[in-house]
Each structure stands twice: as structure tokens, then as C-alpha cells.
Protein chains: 2
Amino acid sequence: MAPPNAPTVYDVAERAGVSIATVSRVLRTPEAVKQSTRERVLAVVQELGYVPSASARGLAGRRTGALGLFIPGHEAIDDPVEAHATGTGVRIIDDRTGSASRHRGFRADYFDELLRGAELEAWRSGHALMIGAGRGDGSIDDLAGRVDGLAIVASTVSDEAVERLAARLPVVLLAGGRNELPVDHLAVDNRAGMRAVAEHALRVRGPGAVLVLAGPIDSPDAEERRQGVRDALAAHGARLDAQHDDGLFTRDRGRERTAEALAGGPLGAVIAANDQLALGALDALLDAGAAVPEQCVVTGFDGIEEARLARPPLTTVAQPMEALGRTAIRTLLARIAEPQRARSDERMPVTVVLRESCPPA
Amino acid sequence: MAPPNAPTVYDVAERAGVSIATVSRVLRTPEAVKQSTRERVLAVVQELGYVPSASARGLAGRRTGALGLFIPGHEAIDDPVEAHATGTGVRIIDDRTGSASRHRGFRADYFDELLRGAELEAWRSGHALMIGAGRGDGSIDDLAGRVDGLAIVASTVSDEAVERLAARLPVVLLAGGRNELPVDHLAVDNRAGMRAVAEHALRVRGPGAVLVLAGPIDSPDAEERRQGVRDALAAHGARLDAQHDDGLFTRDRGRERTAEALAGGPLGAVIAANDQLALGALDALLDAGAAVPEQCVVTGFDGIEEARLARPPLTTVAQPMEALGRTAIRTLLARIAEPQRARSDERMPVTVVLRESCPPA
DNA sequence: GCACCCAATGTAAGCGCATACAGTCAGAGT
DNA sequence: ACTCTGACTGTATGCGCTTACATTGGGTGC
């Protein structure tokens, strides 16, 4: 069922009555081979089911023909549906409320599109795409040995590792605000996007206080968004009665902090640094019986699918994930083509998506 | 920024004052090297930022250390949010109803988990995971040349291509009912799952007719599910007044057919072969003012996220996608370890998830 | 003190392919 | 008829690593 008898150039060459160089040429530079020869060789290739070894090709050609994308690792699995998968037969569970989340949120919503964009662009350029998920610097080394260029989602790997890798192959860093490293950098316009949505929220907010859920203090992205909120607050006149929370990027955090704030008085707006926090805020507001958006408007950031499907649909700032993926690959290709070009530091535009949770004025 | 000066074993060996064989041993079989030597070599590896070339290793070792997963290709991109991504700055759009879908449904909901499972398992076994998306037999050849084993989602590649590849390396076919090919096969228990959910639907159905949305006639999966419905109908007494539709797997199809059926009289149950169809049925029922589940119950199949978030939440049969991914890799590893083992043909269990659209009795 | 053995390391031979370089040969030019 | 040119094709080398086999040198047992 799986004999390790893969044919090589030698087999093809012998059978076609040519040298291995000709076989190689037929595959790499077909126009350099006489048509009759080419056809004969291709026929043998077909007949033998010959597939060139990427290893040999990579070694001889000093390039692997693959590009890498390194994303944060998966969370542990803890899924009631999945857990069953070890048994047999059919199991029936009661999940009437649809609460049995499959614990994937972040990954599926955020990275799948990135991956799609990257893969599409890699394919266009004739490269394969190899993805790796962050599980320590070791795993990225493994990836690095297999590719001609590497796109790394920020915060998955230490700065030192990035620098070390960058000395070996083209690297582009994705997202994250930092860009002190001597590598190409690609991010979204967190600050402007956040400012835009925050200004809108402040403009249409209800009568209560403003709550800012600003996210982790050690996240460069969160920091830029925080700055965007400051811009918006400043633009709306000196000091607002804004409450502020620095913390996790989780839905639970959003719910807790919003509930706490509500205990201190009515809220007129919740401005969250990501969609998870905003969804948590929605949870708390609905629990407390506060009408969204009539009494309190809510905004998020990221544009995950769950925000769209929330009730009410969540106003947010959509990141162009697919475009990010595409651009990351393009940046990589540009550097591969021209190693000495100036370090790029691109910002991708974002889109404020106005939905029911904070509708147009 | 990207000097092509990657250090090799020779550099490390020279600097550490050993032979390249010793360097290789330190990395492959550390226990075979004296501790003092090992430490000296590792120090140099660290210092030079040495990363072994996967190509050279693959060529010399006759294995790439990578496994492949081949999934259906991406759909064309047609996304109002994404389309903006070529400009700059911040754009604002009005999507109050949350209808600006990002056109990813299938991919994100279905394959991300598969990918996660596969990757997790590959990582555990010390393999890298390479994913490829179906764009013709050519692209899978490219993948095949890079990996030690290949998991292929059925219906992405022709049977001939699968056979050809299987002659070269271990292959496992995922999903799909067919299994005539001489390769390992892995699927879910479509029939039993469908029978279980259909029996439940028939048991709790409303007073109207039963509509079966059976999916494409050329899909092996759909055929198995169709059989499951037949089983359920038979178990519920000979002939039911069931209407039947064979066709696409899309939401629009579900909506259309359900609307047509409703025009002919009230429905008591809609049993769909996948979640997209079921969601379409929900659309049509809500349009028509039919109460779900009071008047008509609805069931789907797959367990995509959107089913959980639908209103009402959709009763469905969840596939253990992550477990499928894991098992696919395990199957591959088993065959790599023992090429002559018997062809495996495993069925994974499914979970009927009862939600509001067809609640427990 | 000598033959032996084993642990540690070195030597050398490829792995399958790309490619620089060296033919070969038919037709063009003189 | 002879050289020259260019289109094709063959020869030979090496990419960076793994690994079978050879070598070395210190114990061990007698």
C-alpha cells in the first residue's frame, strides 16, 4: 500500500533514453528542450508517476520553494462534543441554548482568513505554504529550516528568536505595535481605527458613563488602540467621565468589568479594545436589562464572525485579515527578490463596521 | 536584512573542533555523544544560530519529517470588508443588520478544526504539517513531493491521482463514503448519525408534512445520510408523507425548497443533510411565519458554528473534526511505521446535538 | 603486560536534483 | 568544402546532511 519505491530522475532518464539533465530541464525549463524530447520525457513522467523530491530540489537549488506562516499555538482542547470522539457510535447531548461552544473562537475567527490570504498569494507565486503554530522557539526553528521566508505573527516568538531567524532568511512580522527589530513589519492602523469607532461611540452614546475596556497593558496592539481612545476622548473635549480597565482580552473579563461598572451607575457607552471584551460587555448589559443601543452603545475591535452574529450585532473595527495574509507573503517575496531593499513597515487600513450595538447617528 | 549566509554543519564542526558527523549526532542522537563534546557543539550551534536545512536532511535521511493535509481550495474572494484593504486609512461602512458575511463559512467552520487536530498530532510525533488547498492535481503533486505522508479530504482529487500518490507514499482519505481505493480511509458514521437525528425529529415533529433536504446525489456523504433518513423513516412505520429534495448543499437551496414545500401546505419537520441546508430552511420558515420548533422542527448535519449561533439554535449532528484530524495523522504514522499493515477503514462517531430547533421531547 | 572490548569520534559515500560547462550536430555563411 | 553558429543534450560537480564503517584509545580481565 505504500512501497518506498518512488521513481527518481534516473529512472525517468533511463526509460526515456536521455540524461538526467534533460529530465530536469523538461521540468524546470521546458522551453530549452526540443519538443519531441520533451514529450517523450513527459510521457515517461506520467507513466511512472514521477514526482520530484522537494528535498533534493531544495538542496540543489538552494531554495525550498516554500514559505512559512507562524501563528500562535492552539489552546488546550476542552470540548464536550470533541471529547466524545474517542468512543464509537452515536451520542446525543442536550445543548438547547447553543452554549456548548467549541472553544475555537480566536483561532477560527482570526487566523483562518489570514491563512487563506497567505496561501492564496503563496500559491500565486508558485510557493507552497507551511504553517506552524507557536509552541516555543524550537518549533519555529523547525519551520525556519524548511522555508525560504517566514511570516511571524507578533508575540508568538521572542525578539531574540526573530532576530536570529532574520539573519538567516527573510522574515516579516505581523501585527503588534513594536517594530524596533530589523525586519519587515506589517500591521493594521489600530490607532486610527480605534479613534474612529470611539469618536462615533462618544457621539451617539447614551446618558450614562463611558467605560473603556482597554485590554492588556503589555500588548502593543492594545496600546495603540488605547491611544486611539485617548485621541477620541481628547477630540470630544478635555475630560470625559470615562472609566478604564486594563486587563485580559477575554469575554469573561468584559462581562465582569461591565457588570462592576453598572453596579456604580448607568453606562452610556462601552468601548472595547477587542470583540471578545465587547461581547462580554453585551452579556453584562443584557443581564442588567440595559437596552443596547438605546441606553448604552457598545463597540469592539477585530471584526470576528461572532461579533456579526451577536445580538445585537456588534459595531466593530474589522481588520483585513485576508489582505494581511496576502501582503505578508508579498512582502516576503519582495525581500527574497531584493534582499537589500529598505525595511518595510506597512500599515493596513481598517474598516469601521457600524451595526446595531452602536448604529449610525 | 537577509543575507543568504546560513551556517552549515561544516561551520559548526569547524568552530567546535569536531567532525560534521559529530555535529549531526549531537542533533539526531545526542546520547551517542560524550557530554562535554555535546555541550561544546550545542554552544556553537547557539552562537551561530545554526538551523539544519530540512532539504539536506530530507535528502540524506530519505524522509522529510513533514506530513501533508490536502483540503478543498478556497472560494473566490468577494468580501466588502476585505475589498477595502487595498486603500489606506479608515473606512466606515453601515452593516446594521450584520449581513455582510465574510464569505468564509465552509472553510472556517469545517476545516479549521480538522487542521488543528492534524497539526496537534503531527507536532506530537515530531512532524511538521504542510497544508495544501485543492486547485487541481498539480498542486497536490507539489505537496506530495514534500511530505512523508498525505491526508486527503475526499472529493478534492481524482481517484486516479489518489492511487498514483498512494503508490509513492502513505495516503489516508478523509470523509466521503467511497472506499474502493487501496488506501486507508477515515470517515464519520453518517448513516447512524443521520438516522438518530431523523428519528428524533420524526418523533417530535409537528402536524405538517416532513421535508427531507438530502443534498447532492453524487456526494458519498450525502448518500450515506440519505440512507440514514431512510432507516429512520422505515423505523417510523412504512411510508411517511415525506417530501424529498436532492440538490446542492447550500443555504439558498434550503431556503428555496423549504419555501416551495410550504407553499404546498404546512411542514412539521425539515430534515437536512447539512447545516447550510437547515439554516436555509430556518430562513424560509421564519419568513413564512412558521414557529420553530412549535409547528415545525428542523435538523441539520455537520455542527458548524453558525448552527449554534442561529436563531433558534439548530439541532444538528456534530462531526468530530478535530478528532478526525488527529486520527488521520495517527493513521498515517501507523502506516509509515508499518507499511504492510492491513488497510484501515475507520468510522468516527458523531454527536447529535439537540438544540431549540428540534429540542428534546 | 597483553589481548579484547566498547565507547567516542572520524571518514567517506551517497541521497536526488540543478546547473555550469563541455560537447555534438545540423544548417548557415563564405 | 570548410568554418562558424546556435540549438540541444550530456557530463560532472556539489548542495548539506545522515549513516555505515573504520579508527582510536582507554579500560578490563587474564
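It should be emphasised that the depicted structure is a prediction, and the values quoted were computed from it without experimental measurement. So that the names make sense, note that chain A is the first sequence line, chain B the second, and so on, each numbered from 1. Heavy-atom basis, side chains included; hydrogens, waters and symmetry copies ignored.
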Measure from the side-chain N and O atoms of R335(B) to the backbone N and O of R341(B), and report whether any donor-acceptor pair falls under 3.5 Å.
->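 Side chain of R335(B) to backbone of R341(B), a donor-acceptor pair under 3.5 Å: yes, one is there.
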Do any N or O atoms from the side chain of R146(B) and from the backbone of S53(A) form a donor-acceptor pair under 3.5 angstrom?
->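 Side chain of R146(B) to backbone of S53(A), a donor-acceptor pair under 3.5 Å: no, none is there.
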Which one of V23(A), L27(A), T22(A) satisfies the side chain to side chain contact (heavy atoms under 4.5 Å, CB included) criterion with V9(A)?
->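 For V9(A), the side chain to side chain contact (heavy atoms under 4.5 Å, CB included) check succeeds only for V23(A).
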Taking 5' to 3' order, which nucleotide of DNA chain D is first and which is last to have an atom within less than 4.0 Å of a heavy atom in chain B?
->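 Going 5' to 3' along DNA chain D, contacts run dG16(D) to dA20(D).
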Summarise protein proximity over nucleotides 7-17 of chain C in one line of letters, 5' to 3': B for base, S for sugar-phosphate only, - for none, counting protein heavy atoms closer than 4.0 Å.
-> -SBBB--BBBB
Kindly check if the number of other-residue, nucleotide or ligand heavy atoms within 6.0 Å of CZ (R15(A)) is above 12?
->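 Not more than 12 within 6.0 Å, no.
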Pair E121(B) + R124(B), salt bridge at N-O below 4.0 Å =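 Yes.
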So does R326(A) pair up with E322(A), basic N to acidic O under 4.0 Å?
->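 E322(A) and R326(A): salt-bridged.
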List the steps and the verdict of side chain to side chain contact (heavy atoms under 4.5 Å, CB included) for E119(A) and L69(A).
-> CA-CA 9 Å; E119(A) 196 195 275; L69(A) 176 63; over 6 Å; no
